[in-house]
Structure formats: C-alpha cells, structure tokens
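Here the structure comes first, spelled out in structure tokens, and everything after it is commentary.
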Amino acid sequence: MHGSPKSLEALNAQIISCNLCSRLRTHCIEIARVRRRAYTDWEYWGRPVPSFGDPQARVLALGLAPGAHGSNRTGRPFTGDGSGDFLFPALHDAGFASQPGASSRDDGMKLTGLWITSVVRCAPPGNKPSPEELRTCAPWLDHEIALLKKLRVVVCLGRIAFDGLLAYEKRRGSATLRSQYSFAHGAEFTLPSGLKAITSYHPSLQNTNTGKLTKPMLLNVFLRARDLAGLK
Ligand code: SF4
C-alpha cells in the first residue's frame with residue numbers, strides 16, 4: 001500500500017499519488033475546485049503535499065497537516081499561509097531557511113539541515129484528521145525517517161505531531177508510555193530510537209494571534225534544535 005521507496009524523491013512521488021483517505025482526497029479536490037476569492041487565479045495543488053528540505057537534514061520539523069488554502073494551494077509545506085508566515089522567519093533566523101518568506105514552490109526557498117513534513121499529508125476539514133486518517137498516513141513518516149539517514153532531532157509543532165512521533169516509536173517496538181511524555185512548549189525528550197524530540201506550540205494563527213506562541217519562543221526552539229543536532 002505504501003510501497004518501499006528507496007529515496008526521499010521516490011517517497012514524495014508515491015505520496016503525491018496516494019488516495020488512501022477518501023474523505024481527505026474529496027475535501028482537497030473540492031477546496032481546489034471552489035478556491036478562496038483571494039486565490040481565484042491560482043491553480044490549486046489539491047493533492048497530497050510532498051515533504052521538502054535538505055535530504056542530509058539532522059533536524060525534522062513535524063507539523064499536523066496541510067492548510068486548505070496554504071499548502072493545499074501551493075503544494076509545499078507551510079507555504080502560502082499564516083502558519084508559514086510565522087514559521088519561515090524563525091527558520092531563517094535560526095539558519096535553516098535561505099529566506100524568511102515562503103509564497104510558492106518556485107520562490108527559491110532552500111533549506112539547509114532541515115526537512116519539513118507532517119503527520120497527515122492531505123488537508124483535513126477543520127484541520128482535524130480522524131484517528132484512522134492519522135494511522136493511515138503514518139507509514140509515510142516511517143519511510144521518511146528511515147530515509148533521513150542523518151536525522152537526530154525532531155521538532156514537533158503541536159501536540160498531534162508529538163503524538164504522531166510517539167506512535168512512530170511504538171510502531172518500531174519501543175515501549176513508550178504516553179504518561180512519560182507530557183507536551184509543553186520547549187520540552188525536550190530522548191526517545192527510545194535515540195532521536196531527540198523538542199515540542200513546540202503549533203504556529204497556527206490561533207496561537208500566534210493570541211500571543212500563546214511568540215516569535216522568540218519559536219526561534220528558541222529551532223536554535224535549541226541546532227544545538228542538539230550538533231549544527232554550528
Ligand atoms: S492523508 Fe496520507 S494516507 Fe491519506 S490520502 Fe493523504 S497522503 Fe494518503
């Protein structure tokens with residue numbers, strides 16, 4: 001069902017043509033057909049969103065899911081919406097991103113030392129994937145982590161992303177007790193696989209507009225990830 005891709009490029013090609021979650025595929029296609037008034041001239045991506053970044057990455061940024069009019073429109077994670085407008089300046093200041101703004105797949109953005117993905121790769125209604133959709137998409141993350149040979153640190157953007165990483169550990173056979181890992185902004189964990197995890201509030205508008213997540217808070221998370229990953 002999820003194949004056995006030999007490279008991150010092959011993995012992304014398989015993800016783009018995945019149709020396993022009928023509710024999500026129908027939703028993404030409908031959003032792409034109707035569009036938002038501000039984007040009527042856009043040809044929406046409307047497919048599962050492939051991951052992106054540096055194949056030699058030591059740090060993985062793990063998000064929740066594509067935004068309906070963000071990456072479901074542009075075809076690149078965190079590109080073209082409010083969450084990305086908050087995330088990329090922090091990635092730029094922390095030395096991971098070549099530029100602070102992300103507007104389209106052709107905007108020239110290059111990541112160094114970082115790979116960006118999410119636990120669900122199709123935009124869900126209300127930003128809420130079902131538990132079954134999370135489980136269905138999970139094997140793509142397993143392939144991805146296996147292919148990121150230099151990976152050391154995972155920055156989990158939000159509680160659901162962190163739960164997704166713990167579920168990955170469980171699938172590997174690690175005896176992870178959820179109660180050992182309480183989610184908090186800036187918390188750090190060493191997981192049974194040897195990966196380090198840092199948890200962060202998600203840079204959603206709900207968090208950033210209310211001041212729950214500030215720019216310095218997010219920047220500090222990625223600076224700490226650099227340290228933990230042994231990046232200069
Ligand atoms: S959410 Fe994941 S598993 Fe489901 S259709 Fe999209 S890519 Fe496939």
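Read the numbers this way: they start at 1 and go in the same order the structure lists the ligands and their atoms. Model, not experiment: these values are computed from the prediction.
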Should the ring pair Tyr201 and Phe183 be called parallel, tilted or perpendicular, given that the plane angle runs from 0 to 90° and is split at 30 and 60?
tilted
Under-2.8 Å protein N/O/S neighbours of atom 2 (Fe) of ligand 1, ordered by chain then residue number
Cys137 SG
Axial cation check for Trp115 ring with Arg58, 6.0 Å and 45° limits
no
If you apply the rule side chain to side chain donor-acceptor pair (under 3.5 Å), what do you find for Ser51 with Thr117, and how did you get there?
CA-CA 5 Å; Ser51 310; Thr117 193; 2.9 Å; yes
Is any side-chain N of the basic residue among Arg23 and Glu133 closer than 4.0 Å to the acidic one's carboxylate O?
yes
For Arg25, the atoms of ligand 1 under 4.0 Å from one of its heavy atoms are 5 (S)
Hey, can you tell me if His143 and Trp140 have their rings parallel, tilted or perpendicular (30° and 60° cut-offs)?
tilted
For Phe189 and Phe162, take the angle between the two ring planes, folded into 0 to 90°, and tell me which bin it lands in: parallel under 30, tilted 30 to 60, perpendicular over 60.
parallel
